[in-house]
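Written out below as structure tokens is the structure these notes cover.
What you see is a predicted model; the values in this text were computed from it and never measured.
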Amino acid sequence: MPRFDIARLRKEKGLSQNELAHHLQMNQSFLSAIENGKSPLPIEKEEKLCEIFGLHSLAPYVIKTPKEDEERFVGDMTDSDLFNQLLNRFHRQAHSSEGEHHHHDHHEKIEELENIVKKMMERNDRLMERNDRLSETNDKLRAEIDTYRHTIEELRNEIFRLKSR
């Protein structure tokens with residue numbers, strides 16, 4: 001799930017954070033968290049933003065980070081896409097269960113989840129590097145075994161030849 005430069009879009013259109021939050025039917029503090037990258041933009045709000053600003057797409061407002069170039073792809077999606085979908089789902093569920101009490105203490109839980117996933121991804125990267133090293137060692141050992149097998153076969157042939165005399 002991409003992150004959008006909502007603050008730039010909002011300022012270009014001359015709206016305050018309070019005004020945009022009102023149009024999006026959310027608290028200003030939640031909009032602030034989205035603009036600061038602390039919370040993902042709920043999927044249903046993407047369409048609403050396009051509607052409010054008369055846009056066909058938010059693509060011109062996508063924020064690209066240097067890390068995006070380093071992300072691994074899983075199927076058609078990056079690890080980051082999968083993680084953001086999970087966070088968006090968690091966020092939607094948290095909002096739907098809040099009812100009339102619209103508190104945003106789940107944002108702290110989202111941050112905690114982000115930190116946990118970041119650590120897990122770092123550990124996964126270390127394990128993948130270790131796996132690659134072990135795979136290289138395994139390949140070298142297989143090549144060595146093949147060499148020994150070939151040598152053993154040559155020695156057997158030589159023994160057979162010498163016995164045949």
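- Counting heavy atoms from C-beta on, the side chains of F4 and V62 come closer than 4.5 Å.
- Between P40 and F30 the shortest heavy-atom distance is O-CZ, 4.3 Å.
- Applying the salt bridge (Lys or Arg N to Asp or Glu O under 4.0 Å) rule to K13 yields no partners; only residues at least two apart in sequence or on another chain are considered.
- For I6 against L31, the heavy-atom pair with the smallest separation is CG2-CD1, 4.1 Å.
- Side-chain atoms of D146 and H150, non-hydrogen and from C-beta on, never get closer than 4.5 Å to each other.
- Atom CD of E122 sits in a crowded spot, with more than 12 heavy atoms from other residues, nucleotides or ligands closer than 6.0 Å.
- Applying the salt bridge (Lys or Arg N to Asp or Glu O under 4.0 Å) rule to E12 yields the partners R8; only residues at least two apart in sequence or on another chain are considered.
- Residues satisfying the side-chain hydrogen bond (donor to acceptor under 3.5 Å, both in side chains) criterion with Q17, sequence neighbours excluded, are Q28, E35.
- With a 4.5 Å cut-off on side-chain heavy atoms, F53 and L58 do not count as touching.
- Side-chain atoms of I34 and K45, non-hydrogen and from C-beta on, never get closer than 4.5 Å to each other.
- A 4.5 Å side-chain heavy-atom check between L141 and E144 finds at least one atom pair inside the cut-off.
- Residues S57 and A59 share a closest heavy-atom pair of OG-N, 2.9 Å.
- Summarising the geometry, atom OG belonging to S29 is positioned 13.0 Å from atom NZ belonging to K38; distances are rounded to the nearest 0.5 Å.
- Electrostatic pairing of K48 and E51 counts as a salt bridge here, judged by a charged N lying under 4.0 Å from a carboxylate O.
- With salt bridges taken as basic N to acidic carboxylate O contacts below 4.0 Å, one links R161 and E158.
- Atom-to-atom distance recorded for M120:CE and D125:CG is 12.0 Å, nearest 0.5 angstrom.
- L55 has its side chain within reach of L9: a pair of non-hydrogen atoms, C-beta onward, lies under 4.5 Å apart.
- Rounding to the nearest 0.5 Å places CD1 of I152 at 12.0 Å from CG of N157.
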